[in-house]
Asker: 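Structure below; questions to follow.
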Amino acid sequence: MSHVGVVVNPVAGVGRGSGVGAAAMQELRRRGHHVEDLTARDLLTATAHARRAAVAGLDALVVVGGDGLVHLGANVVAETDLPLGIVAGGTGNDVARALGLPRGDVTAAVAAIERALLVGPRVIDAVSVGPPTHSAREWYLGALSCGIDAAVNARANALRWPRGSARYVRALVPELRAFRPYGYRLTTDEGVWESAGTVVVVANGPWIGGGIRVAPDARPDDGLLDVVVAGPVTRAGVLRIFPGMYAGRHVHHPQVQVLRSRRVLVEPAPHLGGTPPEAHADGERIGPLPLVAEVVPGAVRVLAPRPT
């Protein structure tokens with residue numbers, strides 16, 4: 001029997017989170033685990049509950065929801081031996097998709113957690129991000145969005161419908177109406193990229209926005225970040241490129257580059273374009289640029305199948 005702390009996002013999956021969370025805890029208890037419910041009214045309090053429980057002693061922390069709850073869990077367990085379990089019941093579920101975990105199936109998700117508790121967790125990278133002038137950092141597992149993708153993410157977070165990537169599509173159209181390319185200066189291990197731009201994504205995993213394959217070759221355990229940048233593209237050009245992003249075809253567009261780096265400094269360049277929007281990671285607001293992101297190999301243990 002394992003002592004498992006569980007945090008549920010009650011509004012995940014368009015309000016279905018409470019039911020999914022109750023089902024996950026019931027399934028864990030049915031399998032003989034001791035379950036401690038760490039859920040709270042807000043994510044800040046839930047994070048505090050999870051940290052206290054982790055210090056007191058847990059065998060695993062399980063989050064039930066979407067990428068926002070995974071983000072919470074990563075910020076509790078990063079650089080510790082406490083493994084993170086994921087019951088994907090949110091809107092995007094991009095981290096679960098990248099790890100090959102079940103989505104929308106509580107029984108299968110709990111079974112995957114239990115198997116990994118028996119055989120041992122998978123060790124993956126995490127990314128620390130924060131202002132370059134501050135020592136405080138936040139962690140993410142998926143991707144940091146700093147371009148029109150971040151503006152769309154912010155708008156999509158405010159929508160109640162539809163679910164999944166369709167919410168991202170709905171948010172894209174109004175963002176395009178006022179869009180003009182932003183100005184960027186990126187410093188990577190490969191050098192400096194300075195340009196007006198449309199998309200800047202610092203990816204540890206392939207997907208954003210509920211299935212948009214923004215960084216097709218990104219892997220969460222290779223010790224590198226895939227930095228996807230798109231130079232100045234017109235509104236019509238964005239609409240032409242966007243459908244191909246679901247299959248990762250956009251990386252072949254002449255205005256798109258993929259850089260690989262361990263550390264990335266993303267700064268605004270006002271002389272080249274408009275002010276970039278506030279950045280988001282794992283769908284959660286991080287804040288305005290400048291930001292530095294640095295991959296930390298093996299920083300998180302996840303209860304997920306190991307790659308074959």
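Only a predicted model underlies this, so the values are computations on that prediction, with no experimental measurement involved.
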Asker: I'd like to check Pro131 versus Val292 (side-chain heavy atoms, cut-off strictly below 4.5 Å). Are they in contact?
Answerer: no
Asker: Going from CG on Leu117 to CG on Leu303, what distance comes out if it is rounded to the nearest 0.5 angstrom?
Answerer: 5.0 Å
Asker: Leu58, Leu69: one ILVMFWY side-chain cluster at the under-4.5 Å cut-off?
Answerer: yes
Asker: Group every Ile, Leu, Val, Met, Phe, Trp and Tyr by side-chain heavy-atom contacts under 4.5 Å, then state whether Val123 and Leu84 land in the same group.
Answerer: no
Asker: Flag the pair Asp221 and Arg122 as a salt bridge only when some basic side-chain nitrogen lies within less than 4.0 angstrom of an acidic carboxylate oxygen.
Answerer: yes
Asker: Verify, without hydrogens or angle tests, whether Thr198 (side chain) and Val233 (backbone) share a donor-acceptor contact under 3.5 angstrom.
Answerer: yes
Asker: Identify the residue among Asp37, Leu38, Val76 that makes a side chain to side chain contact (heavy atoms under 4.5 Å, CB included) with Val7.
Answerer: Leu38
Asker: Considering residues, nucleotides and ligands other than Arg262, do more than 12 of their heavy atoms fall under 6.0 Å from its CZ?
Answerer: no
Asker: Which heavy atom in Pro181 sits nearest to a heavy atom in Ala196, and how many Å separate them?
Answerer: CB-CB, 4.1 Å
Asker: Over all heavy atoms of both residues, which pair between Ser261 and Arg263 is shortest? Give the atoms and the distance, please.
Answerer: OG-O, 2.6 Å
Asker: Determine yes or no for a side-chain-to-main-chain donor-acceptor pair under 3.5 angstrom, with Asp125 supplying the side chain and Asn204 the backbone.
Answerer: no
Asker: Just so I know, are the side chains of Val110 and Val62 near enough to count as touching, which here means a heavy-atom distance under 4.5 Å?
Answerer: no
Asker: Hey, does the side chain of Asn75 reach the backbone of His71 with a donor-acceptor pair shorter than 3.5 angstrom?
Answerer: yes
Asker: Output yes when a side-chain donor or acceptor of Asp226 lies under 3.5 Å from a complementary backbone atom of Val258, and no otherwise.
Answerer: no
Asker: Just by modelled atom types, is the Tyr246 backbone N or O under 3.5 Å from a matching donor or acceptor in the Arg249 side chain?
Answerer: no
Asker: Kindly indicate whether the side chain of Glu114, heavy atoms from C-beta on, has any atom under 4.5 Å from the side chain of His33.
Answerer: yes
Asker: Consider only side-chain heavy atoms of I, L, V, M, F, W and Y, link residues closer than 4.5 Å, and tell whether Val201 and Ile241 are in one cluster.
Answerer: yes
Asker: Hey, could you give me the CG/CG distance between Leu61 and Leu72, rounded to the nearest 0.5 Å?
Answerer: 7.5 Å
Asker: Set out, in order, the CA-CA distance, both residues' side-chain angles and the distance that settles side-chain contact (heavy atoms from CB on, under 4.5 Å) for Glu36 and His49, then state yes or no.
Answerer: CA-CA 10 Å; Glu36 184 175 351; His49 288 179; over 6 Å; no
Asker: Taking side chain as C-beta onward, heavy atoms only, is Pro305 less than 4.5 Å from Leu99?
Answerer: no
Asker: Look up atom OG in Ser2 and atom CZ in Arg31, then write down how far apart they are to the nearest 0.5 Å.
Answerer: 12.0 Å
Asker: Does CZ in Arg260 sit with more than 12 non-hydrogen atoms of other residues, nucleotides or ligands closer than 6.0 Å?
Answerer: yes
Asker: Do Arg185 and Val192 have side-chain heavy atoms sitting under 4.5 Å apart?
Answerer: yes
Asker: How long is the gap from NE2 on His3 to NE2 on His34, to the nearest 0.5 Å?
Answerer: 4.0 Å
Asker: Between His253 (side chain) and Gln255 (backbone), is there a donor-acceptor pair under 3.5 Å?
Answerer: yes
Asker: Would you say the side chain of Val228 lies within less than 4.5 Å of the side chain of His250, judging by non-hydrogen atoms?
Answerer: yes
Asker: Report yes or no: does Asp67 contribute a side-chain atom to a donor-acceptor pair with the main-chain N or O of Val95 at less than 3.5 Å?
Answerer: yes
Asker: Identify the two heavy atoms, one from Ala54 and one from Leu82, that lie closest to each other, and give their separation to 0.1 Å.
Answerer: CB-CD2, 3.7 Å
Asker: For a quick test of reading the model, state the closest non-hydrogen atom pair linking Asp94 to Gly209 and the distance between them.
Answerer: OD2-N, 3.1 Å
Asker: Is there a side-chain contact between Trp207 and Asn93, using heavy atoms and a 4.5 Å cut-off?
Answerer: no
Asker: Looking at every non-hydrogen atom in both residues, tell me the closest pair between Gly147 and Tyr182 and how far apart they are.
Answerer: C-CE1, 3.7 Å
Asker: When you measure from the side chain of Tyr184 to the backbone N and O of Cys146, does any donor-acceptor pair fall under 3.5 Å?
Answerer: yes
Asker: Check for me, please, whether Trp139 and Leu225 land in the same ILVMFWY cluster - side-chain distances under 4.5 Å, paths through other members count.
Answerer: no
Asker: Do the non-hydrogen side-chain atoms of Asp149 and Ile208 ever get within less than 4.5 Å of each other?
Answerer: yes
Asker: Could you give the distance from CZ (Arg51) to OG1 (Thr47), rounded to the nearest 0.5 Å?
Answerer: 6.0 Å
Asker: Mind checking the CD-CG spacing from Glu138 to Leu144? Nearest 0.5 Å is all I need.
Answerer: 10.0 Å
Asker: Is it the case that over 12 heavy atoms from other parts of the model lie below 6.0 angstrom from the CD atom of Glu190?
Answerer: yes
Asker: Classify the side-chain pair His280/Asn153 by whether it contains a donor and acceptor separated by less than 3.5 Å.
Answerer: no
Asker: Quick check against the 3.5 Å criterion: does Thr39 have a side-chain atom that pairs as donor or acceptor with the backbone of Val8?
Answerer: yes
Asker: To check you understand the geometry: which heavy-atom pair defines the closest contact between Arg285 and Glu278, and what is its length?
Answerer: NE-OE1, 2.6 Å
Asker: I'd like to know if Val251 and Val264 are part of one continuous hydrophobic network [Ile/Leu/Val/Met/Phe/Trp/Tyr, side-chain heavy atoms within less than 4.5 Å].
Answerer: yes
